[in-house]
Amino acid sequence: MAGHSKWANIKRQKARVDAKKGSVFTKLSRAIIVAARSGLPDPDGNFQLRAAVDKAKAAGMPNENIERAIAKGSGNWSDDSALEDVRYEGYGPAGVAVLIEAMTDNRNRTAAEVREAFSKTGGSLGETGCVSWMFQQKGVISLEAVPDEEALLLAVAEAGGDDLSTDGLEAEVYCDYTLLEQVATHLKKEGYHVQDVGIRWIPSNGVQVDDADTAKLVLNLMERLDNLDDVQNVYANFEIDEAVMESLV
């Protein structure tokens, strides 16, 4: 998980910079819309929505933007740009499998932008289903300031979680996505600082990238995709050696 955890760190740092520029608000708003669509339009009764709203507030999104996003997700807000969920799949450099979740009001535009990101980094956009079989949906809980990995392992087991990965004092806990609220709530009660929660696509096997030039192309693809306004989440099965990552960052 070395490459994944390092990429997660890069994304968190990038998100903090983007938040200052205000460019992250669109993606946060769409995450709220998705969560409101999938359950009650009330954060108190919808764990995913509550998590999305908390993340938006932490980034400084105005309350009126949050309320508007909830209204859109619940169907109580009409505008000229109906958003739909779209998933793209493809292969990056070295055969890395890439799965992309997007929300768009123009499929043709989004597909063209995603295809361009692949082509400029030596990858190719594929058909639906070409790589999704390599992933499974999991609940993921990001923690920070974790001093004792063994104590966390016990807490995760007690909460009903499956596994965890650590990077310094940061950790990611994995669980069945139907148990996400249960596990996150238990960890909070145990005193752990929950930074983020969500349902993600986790690869069942990885592609090792040992060459620095190839690794640079892989990370370039991830960043290009992540920077697209319509793209909500990007998942991949690459694993990059820590030494190679350090030479690039």
Side-chain angles (χ1 to χ4, degrees), residues 1-9 11-12 15 27-28 30-40 43 45-56 73 83-92 95-104 110 114 125-143 152 156-157 159-167 170-188 194-207 221-222 225-226 228 230-239:
M1 296 294 293
H4 294 294
S5 59
K6 182 63 69 173
W7 172 246
N9 289 343
K11 282 188 67 176
R12 280 195 286 271
K27 293 191 178 186
L28 290 171
R30 290 181 177 182
I32 292 172
I33 292 171
V34 170
R37 279 182 182 175
S38 64
L40 293 172
N46 183 333
F47 177 70
Q48 285 293 316
L49 179 57
R50 187 163 70 248
V53 168
D54 287 346
K55 193 171 184 178
L83 294 169
E84 59 178 321
D85 301 321
V86 188
R87 194 172 77 200
Y88 299 98
E89 303 177 31
Y91 289 94
V96 168
V98 184
L99 192 153
I100 302 123
E101 293 177 330
M103 284 191 76
T104 181
T110 307
V114 170
L125 182 63
E127 298 293 328
T128 300
C130 68
V131 303
S132 57
W133 60 273
M134 303 183 201
F135 295 78
Q136 58 179 326
Q137 282 190 304
K138 286 281 188 180
V140 182
I141 303 152
S142 299
L143 307 175
L152 175 58
V156 170
D162 296 333
D163 198 2
L164 65 85
S165 66
T166 59
D167 183 9
E170 297 186 336
E172 285 192 339
V173 174
Y174 307 98
C175 65
D176 187 304
Y177 68 87
T178 63
L179 300 178
L180 183 58
E181 180 174 9
Q182 170 186 309
V183 176
T185 300
H186 180 84
L187 292 176
K188 285 181 180 179
V194 174
Q195 186 180 43
D196 189 26
V197 297
I199 298 174
R200 301 184 199 168
W201 290 92
I202 305 298
S204 54
N205 55 65
V207 172
L221 171 60
M222 297 292 285
L225 291 169
D226 201 51
L228 296 177
D230 295 337
V231 169
Q232 290 296 108
N233 300 295
V234 184
Y235 308 98
N237 69 340
F238 68 89
E239 295 180 3

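Side chains are part of it too, since the values below use all heavy atoms of this structure and drop only hydrogens, waters and symmetry mates.
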Review point. What pair of heavy atoms forms the shortest contact from L40 to L49, and how long is it?
Key: O-CD2, 3.7 Å
Check your understanding: So, the side chain of Q136 versus the backbone of I202: is there a donor-acceptor pair under 3.5 Å, distance only?
Key -> no
Check your understanding: L152 versus L187: any side-chain heavy-atom pair under 4.5 Å?
Key -> yes
Review point. In this structure, are over 12 heavy atoms from other groups packed under 6.0 Å from Y177 atom OH?
Key: no
Practice item. Start with the C-alpha gap between V140 and I199, add the side-chain angles, then the distance that decides, and say whether side-chain contact (heavy atoms from CB on, under 4.5 Å) holds. Key: CA-CA 6 Å; V140 182; I199 298 174; over 6 Å; no
Practice item. Please report the closest heavy-atom contact between A56 and L28, naming both atoms and the distance. Key: CA-CD1, 4.0 Å
Point to revise | Side-chain (D226) to main-chain (V234) donor-acceptor, under 3.5 angstrom | key: no
**Study point:** Main-chain N/O of A171 paired with T166 side-chain donor or acceptor, under 3.5 Å
**Key:** no
Practice item. Look at the side chain of E89 and the backbone N and O of V131, then say whether any donor-acceptor pair between them is shorter than 3.5 Å. Key: yes
Study note, to complete from the structure: All heavy atoms of V194 vs all of K188, minimum pair found to be CG2-CG, 3.5 Å
Review point. Can you name the nearest heavy-atom pair linking N46 to A36, along with the distance?
Key: ND2-CA, 4.5 Å
Review point. Backbone N or O of K27 within a donor-acceptor pair of the Q232 side chain at under 3.5 Å?
Key: yes
Check your understanding: With a 4.5 Å limit on heavy-atom distance, are the side chains of T110 and V86 in contact?
Key -> no
Exercise for review: Could you tell me the separation between the CD atom of E101 and the CH2 atom of W201, rounded to the nearest 0.5 Å?
Suggested key: 7.5 Å
Point to revise | S132 vs R87 side-chain heavy atoms within contact, under 4.5 Å | key: yes
Point to revise | Electrostatic pair K138-D163, nearest N-O below 4.0 angstrom | key: no
Practice item. Taking all heavy atoms of M103 and all of R30, pick out the closest pair and write down the distance. Key: O-NH1, 2.7 Å
Review point. Can you find a heavy atom in the side chain of N205 that is under 4.5 Å from one in the side chain of N237?
Key: yes
Exercise for review: Taking atom NZ of K55 as the centre, report whether more than 12 heavy atoms of other residues, nucleotides or ligands fall under 6.0 Å from it.
Suggested key: no
Exercise for review: With sequence neighbours left out, write down each residue that passes side chain to side chain donor-acceptor pair (under 3.5 Å) with Q137, or none if nothing qualifies.
Suggested key: none
Review point. Which value, rounded to the nearest 0.5 Å, describes the distance between D196 atom CG and E172 atom CD?
Key: 8.5 Å
